[in-house]
Number of protein chains: 2
Amino acid sequence: MFSIGQLSKRTGVKIPTIRYYEQMGLIDEPERSEGNQRRYTKDGLTRLSFIRHSRDLGFTIEDIRGLLDLSQHPEKPCSDAHSIAAQHLLGVQGRITKLRRLERELKRITKCDADNVATCAVIETLADHGLCETEH
Amino acid sequence: MFSIGQLSKRTGVKIPTIRYYEQMGLIDEPERSEGNQRRYTKDGLTRLSFIRHSRDLGFTIEDIRGLLDLSQHPEKPCSDAHSIAAQHLLGVQGRITKLRRLERELKRITKCDADNVATCAVIETLADHGLCETEH
DNA sequence: CTTGAAGCTCTAGTGGCTAGAGGAATTATA
DNA sequence: TATAATTCCTCTAGCCACTAGAGCTTCAAG
């Protein structure tokens, strides 16, 4: 049996976040001590680790709800899990593409070596979209 | 003089967002018509375009507050603008790095060709961090 | 048995909007 | 000019995934 603090240390999930997950229904309400404190089992630890790891990979709470549900039913086909993950991969790749464009643009405008704002490329570019090299 | 709707069309910023920027103090309260509707000048348009463009480049509202302030003072040295932009560039680059690691991981786990959840790599990897190839 | 750490609930705040209710003003058409 | 259609107004609440803080209770070590 773990206290919420021990669970937090073992999983790296902060205490208020654990309570938040409970509220969101991602983890079951655990048993309580006589004094009403949460007491977790090894299963609780496993489940929270799964959540933590999924969050690290950027899945949303709703994604995770689906993935958790699947993981409880080992006999099911895993195509659902795949489509969640593949969907997420597409999202990640889209974000990378956008950020790379942004990076190029920011690199370009920070090259400016003016010494006052009147002629500064950063300010100028922000004021005038036409100076941009790429769409964003 | 533009109505809020015209301003919105010209800048691509949604109407509630314009009002939100006003509330946040990013744009001045404009004059009003007799019937209390907002009426914007060309200056308002310019300022909102600046904001829109900066948001597109991912600057936060607080960044933009600083950049706007600078842009009003053309005689100032532009080192401040540069440090805001350079700082932001670093942030963007950090996010790209993280997302690329993520992408690798997601690609790897979605390669799984099991046909049920019991042996599915997606589920398995989420449950067990040790199966990951890289840190994230 | 005391003390200090850790736990409890509850409310509110974060950023950057977005949505909706319920009503007033403006503009276009008949 | 009357009316209909559209736009605008304010205000409140919601989104996501937490995070912070107040004010209180319980637990574990010495």
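Below, read A as the first sequence line, B as the second, and so on, with proteins coming before strands; counting in each chain starts at 1. Please read these numbers as outputs of a predicted model, since none were measured by experiment.
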Q: Taking all heavy atoms of Arg19(A) and all of Ile4(A), pick out the closest pair and write down the distance.
A: CG-CD1, 3.6 Å

Q) Hey, does the side chain of Arg19(A) come within less than 4.0 Å of dT9(C)'s phosphate (OP1/OP2), counting only N and O? A) no

**Q.** Spacing between Gln23(B) atom CD and dT14(C) atom P, to the nearest angstrom
**A.** 13 Å

Q | Short side-chain N/O contact to dG15(C) OP1/OP2 from Thr60(B), under 4.0 Å | A | no

**Q.** Residue closer to the 5' end of DNA chain D, Arg32(B) versus Lys9(B) (nearest nucleotide)
**A.** Lys9(B)

Q. So if you build clusters from Ile, Leu, Val, Met, Phe, Trp, Tyr with side-chain heavy-atom gaps below 4.5 Å, do Phe50(A) and Met24(A) land together?
A. yes

Q. Quick one: is Tyr21(B) getting a side-chain N or O under 4.0 Å of the dG16(C) phosphate, OP1 or OP2?
A. no

Q: Enter the distance from Ser54(B):OG to Arg65(B):CZ here, rounded to the nearest 0.5 Å.
A: 13.0 Å

(Q) Just N and O in the side chain of Arg38(B): are any of them under 4.0 Å from OP1 or OP2 of dC8(D)? (A) no

Q | Short side-chain N/O contact from Ser3(B) to OP1 or OP2 of dT26(C), under 4.0 Å | A | no

(Q) If you compare every side-chain N and O of Arg55(B) against the phosphate oxygens of dG15(C) (OP1, OP2), does one of them come in below 4.0 Å? (A) no

Q: Rounded to the nearest angstrom, tell me the gap between atom CD1 in Ile15(B) and atom P in dC17(C).
A: 15 Å

Q. What heavy-atom pair brings Arg55(A) and Ile61(A) nearest, and what distance separates the two atoms?
A. CD-CD1, 4.3 Å

Q: With the side chain counted from C-beta on, respond yes when Val92(B) and Arg95(B) share a heavy-atom pair under 4.5 Å apart, and no when they do not.
A: yes

Show the distances under 3.5 angstrom between N or O atoms of the protein and N or O atoms of nucleotides 19-22 of chain D.
residue : atom : partner  : partner atom : Å
dT19(D) : OP2  : Thr17(A) : OG1          : 3.2

